[in-house]
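Only one structure is covered here, and it is reproduced in the block below.
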Amino acid sequence: MQISEHLKSLLKKCKTLNQTKQIQAQILTNGLNDLLPNFLHHLLQSTSINKTSQISFQYVHQVFDQLPNPDVFTWACTIRYFSQNGQFKDAIPLYIRMHCVGSHPSTYAVAAALKACARISKKILGTLIHTQVFKYGFNFDVYVQTSLVDFYSKLGIMETAQSVFNEMSERNVVSWNSILHGYLKSVELSKARDFFDEIPMKDVVSWNSMISGYAKAGDMGQANCLFEEMPERNSASWNAVISGYADRGNMEEARKLFNEMPQRSNVSWIAMISGYSKCGNVDSARELFDSFREKDLFSWNAMIACYAQNSRPKEALQLFHEMRKPNINKQPDEMTFSCVISACSQLGDLEFGLWIKTYMNRIGVALDDHLATALIDLYAKCGCIDKAYELFHGLKRKDVVAYSAMILGCGINGNALEAIRLFEEMISANIGPNSVTYTGILTAYNHAGLFEEAYRCFSSMSTKHGLMPTSDHYGIMVDLLGRAGKLEEAHRVIKSMPMRPHAGVWGALLLACRVHCNVELGEIAAQHCIELEPDTSGYYSLLANIYVSAERWEDAKRLRKVMEEKKVSKIPGCSWIQ
DNA sequence: CTAGGGTTAG
């Protein structure tokens, strides 16, 4: 008995995981199994342990599973631990298990489980918990009620959120903020503003939410107005305004605030990195990333995403390898993997992509729709259209990105009819196409040589769906016309472009001129290509070949000499020339 | 011991 009390008091003093584990050993050798829950509670609640030594979630499971009969408190404590630390996929099964073994829930467990349901959109379970709330008489607990309001708000079910909110006899600022967030998320800005104005005891979170709502909607005037007006700011207030500017591509303003703010958080850095990424300023993103000392998983993901989205897949993979080195030792998650798979797909590296898939299996990362779509894209681009289909059919929800990946896959692999079928299926499912969808469908038409249909499709982009064709789309059209020998028309299309054509567009014309032996236009196209990408040798070679076919030996010789003088690299940088 | 805001993906 005495030793038991002694160990309890020792446990309270433990500051590190190792000290705590030593007590666990003593508990076990003395056969004091009654003390095991105390050990677990200490593990989960000690801030010094959680901040420093990072116990693994696996370990918590292990310890928990050793308890013969967890009490109400222990269940709640453990479920809450997972929920608070973002391990929603651990919290939920544990909550279910608690019911299966016949243990009663507590308000604490319910609140934690609802939080998990809200965060990973477990609508059915959350609604089920709502019914239990009545059964156990928790329906007057302000924490439970607020969790419910938050749950329905996060899922966008505002009628129910509102009715739970109305039934509350006592509301605190958290309850108000939860419903405010719901209306902001449903982009009912004026309704949200009415709520905001009504909150009797606004705190910094209320202000931040409202500011972020305006910022996300692009109303930087209102956002700034509230930002100036608010009584006290924290880093989230600054971050809300910064990400507002960053999302709209105004990196000057974002940077000004970032430099000005008194206390930057991880979120500030990540918002800036992804802001630079969105406007294609990879160098500035990397510069910030390098100067950021306390990189967390999110910041690694943001930088990897930056490379993947800006067509620099090799650097994305390089960074992925970097983060897994022992001195950094960051465990990748779903977000990391979807970027990495996207990088593989850009490189056409099926082998490494499949290695990633096994690696995911090994560390227990399940395929969600995002990941499956990334893999669909990889399979489709690498010609494994059956595998792509398999995953496509297994998607919980097929959206525009998934369809676009399939359509492009069919297009590349020469199955234009199937691409068209998918496109039509998508339209009738009321999924609006985007610019990538059109790249896919135009590629399909191009491959099949259906230029009438392609033309119609190209013009319907803007008329039917309000999408402005990009250089890539023009490039496909030029390629299509070029293949059909309509070189003058292709040239006219280029000249009609509202933006500056990139090298790929002129390259498509150049290639066509090579095929159809057109020296005059070939010279014009090559000139533009070389101007845009002076280091690519392919353009010189193509023009030289055109001269050779036209039997203009002198010109060909002259060009080869220029090439030697410039010592241009042998690697073509353009996908049209291969 | 509970609940709310700001960041990353195909």
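Here is the naming used below: chain letters follow the sequence lines, and residue numbers restart at 1 for every chain.
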Give every donor-acceptor pair under 3.5 Å between a side-chain atom in residues 179-190 of chain A and any protein atom, sequence neighbours left out.
unit_1, atom_1, unit_2, atom_2, d
A:Tyr183, OH, A:Gln162, OE1, 2.6
A:Lys185, NZ, A:Lys154, O, 2.4
A:Ser186, OG, A:Gly182, O, 2.7

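Taking only side-chain nitrogens and oxygens, A:Gln84 never comes nearer than 4.0 Å to OP1 or OP2 of B:dC1.
Taking atom CG of A:Asp368 as the reference point, atom P of B:dT8 lies 16 Å away to the nearest angstrom.
For A:Ser175, the side chain to side chain donor-acceptor pair (under 3.5 Å) criterion is met by A:Thr146, A:Asn172, not counting sequence neighbours. Scored by the side-chain contact (heavy atoms from CB on, under 4.5 Å) test, A:Leu67 finds A:Leu36, A:Pro37, A:Leu40, A:Phe64, A:Pro70, A:Thr74 as partners (sequence neighbours excluded). Here A:Glu322 pairs with A:Lys325 under the salt bridge (charged side-chain N to carboxylate O under 4.0 Å, His left out) rule; sequence neighbours left out. Residues passing the ring pair (Phe, Tyr, Trp, His ring centres under 6.0 Å) test with A:His41 are A:Phe73, sequence neighbours excluded. Shown here are the side-chain contact (heavy atoms from CB on, under 4.5 Å) partners of A:Gln87, two or more places apart in sequence or in another chain: A:Phe57, A:Phe82, A:Asp90. Partners of A:His393 under the side-chain contact (heavy atoms from CB on, under 4.5 Å) rule, at least two apart in sequence or in another chain, are A:Tyr389. By the ring pair (Phe, Tyr, Trp, His ring centres under 6.0 Å) test, A:Tyr143 is found to be paired with no residue, residues two or more places apart in sequence or in another chain being considered.
Near-neighbour residues of DNA chain B inside residues 234-249 of chain A, defined by a heavy atom below 4.0 Å, number-ordered: A:Asn234, A:Ser235, A:Ala236, A:Asn239, A:Ser243. Within residues 375-390 of chain A, no residue approaches DNA chain B, by heavy-atom distance under 4.0 Å. Of the residues in residues 271-279 of chain A, A:Ser274, A:Lys278 come within less than 4.0 Å of DNA chain B through at least one heavy atom, sorted by number.
Pairs of residues two or more places apart, or lying in two chains, that qualify as ring-ring contact (aromatic ring centres under 6.0 Å, His included) and include a residue from residues 229-284 of chain A are A:Phe227-A:Trp238, A:Phe258-A:Trp269, A:Trp269-A:Phe292.
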